[in-house]
Amino acid sequence: MGSVEHKNMPRLVMKFGGTSVGDVERIRRVARLVAAERQSGRGIAVVVSAMSGETNRLVDLAQQAGQGLPPELFDDEYDVVVATGEQVTTGLLALALRGMGIPARSWQGWQIRVASSSTHGSARISDIDADEVAAAIDAGEVAVIPGFQGVTEEDRITTLGRGGSDTSAVAVAAALKAERCDIYTDVDGVYTTDPRLVPKAQRLEKISYEEMLEMASLGAKVLQTRSVELAMAKRVPVRVLSSFVEPGEANPGTLVCDEDEIVEKQIVSGIAYSRDEAKLSLKGLQDNPGVAADIFGRLAEANINVDMIVQAPSRTEGAVNMTFTVPEREADRALALMSAAQQQIGFEQVEVKKDVSKVSVIGVGMRSHVGVARVMFDALSRKGINIENIATSEIKISVLIDSSYTELAVRALHTAYGLDAA
Ligand code: ADP
Ligand code: ASP
Ligand code: MG
């Protein structure tokens, strides 16, 4: 990514999410937090989200206006509409900063050139040309940058997928060689699990990139998964902290950093859950080489992400049952795809179940400890929760359960791994 050498002033990126900029009063508080950091001698880029609720409103408008249109006639203009939410916030914050006597200006994605792929609705940043913004920052001006936005080679506006402002912030931090990327949000850090679900959840002082990546991709929406990937790849230290404080108040947050920087490694650091899951089962599937390649090849071609694959013997002689999960919103498409290819693939029956959740325990300490899975299975069985699928990696164990038990399972596991606050 294009980057600029430091002159002498350290640079900091501060990102504020939707709730944190939800009204003008909150935007003023953001301006005070920015002013305080600037006062400490740092060059500041601020990345902002749309005001809370705004992106949903814009998505809804686009869907109404474009009802029935195929993706090739819809997706690019959808991005034009939804990217405006962030533009509004940049202007408002620049105004609030100027009102405090602080030089500031907004920079839209196309003005900086936050270059992205052309996958509308879920574009990836490919390069940020930071020279001009960096010069302005080094001259003392606060740069206010919209999250979520990119621009294609053909000068078309793109958006980075829901929650994408986190990724914009990390990408800007990498391009500016910032000393850190501070993600201000409506909780005061990364917790052992979603604090809205489990009041006994505890704030983590530090979490490794790898654990944070698992937490995010397994459902903790506090950071967009892609932002953690990028931070890890570019070695950008990320801090998650509260925007609901005044300058000077204690606000340690959570540092997302290298594993080596964490002295006391927990066996399990956190628990994540996702209700956005559906389970497909192919029953009586012929047991021949190439069958799995055929099934998952078809799903991959249709851009459907598959997770948690289990194959087991079927009651039918010489056949197997294949079960796998897909995001819930893709379930109907996956089902249609499988049904249409029933003859070619060769199975008796396909079933889909949508009311399932994935609950995962995550921790780098698992690498060197045995018995972690057993604690999980014991805790779930004591609550009478049936496990429908299991997936493991070196640092996580995920189970698929009936979604009505999600809360119960997360709470039980939080207690079983000793994570409850005193
Ligand atoms: P923003 O609008 O600032 O981007 P988000 O709503 O995207 O904020 O993310 C913050 C939310 O993430 C919190 O309100 C919290 O409910 C949720 N969350 C889920 N899991 C966790 C976790 N492990 N730690 C902290 N927050 C979590
Ligand atoms: N405003 C966008 C969303 O709501 C991006 C973001 O806030 O991160 O998804
Ligand atoms: Mg977010």
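For reference, positions follow the sequence shown, starting with 1. First listed ligand is number 1; within each ligand, the first listed atom is number 1. In this text, all values refer to a predicted model and were calculated from it rather than measured experimentally.
- Ligand 1 places these atoms under 4.0 Å from at least one heavy atom of Y191: 22 (C), 23 (N), 24 (N), 25 (C).
- Both the backbone and the side chain of K221 come within 4.0 Å of ligand 1, judged by heavy-atom distances.
- Proximity of K15 to ligand 1, defined as any heavy-atom pair under 4.0 Å, is confined to the side chain (atoms from C-beta onward).
- Ranked by closest heavy atom to atom 13 (C) of ligand 1, the top entry among V240, D186, I207, V222 is D186.
- If you check which protein heavy atom lies closest to atom 6 (C) of ligand 2, you get S165 OG, 3.3 Å.
- Using a 4.0 angstrom heavy-atom cutoff, G164 counts as in contact with ligand 2.
- Proximity to P195 (heavy-atom distance under 4.0 Å) selects the following atoms of ligand 1: 24 (N), 25 (C), 26 (N), 27 (C).
- Counting heavy atoms only, G189 comes closest to atom 25 (C) of ligand 1 of the residues A201, A220, G189, S165.
- Comparing L218, D194, T254 against atom 20 (N) of ligand 1, the shortest heavy-atom distance belongs to D194.
- Counting heavy atoms from C-beta outward, E77 and V82 have side chains that stay 4.5 Å or more apart.
- A heavy-atom separation below 4.0 Å is found between G18 and ligand 1.
- Residue-to-ligand polar distances place G163 within reach of ligand 2: an N/O pair is separated by less than 3.5 Å.
- No salt bridge links K279 with E351; every basic N to acidic carboxylate O contact stays at or beyond 4.0 Å.
- Close approach to V187 involves these atoms of ligand 1, each under 4.0 Å from a residue heavy atom: 13 (C), 14 (O), 25 (C), 26 (N).
- The closest heavy-atom contact to atom 4 (O) of ligand 2, among the options R162, Q224, E54, comes from R162.
- Below 30°, between 30° and 60°, or above 60°: for F296 and F324 the angle between ring planes is above 60°, a perpendicular geometry.
- Looking at T193 against ligand 1, only its backbone comes within 4.0 Å, counting heavy atoms.
- A distance-only check finds a donor-acceptor pair linking the side chain of T254 to the backbone of V190 [under 3.5 Å].
- Of all protein heavy atoms, the one lying nearest to atom 7 (O) of ligand 2 is S49 OG, 2.9 Å.
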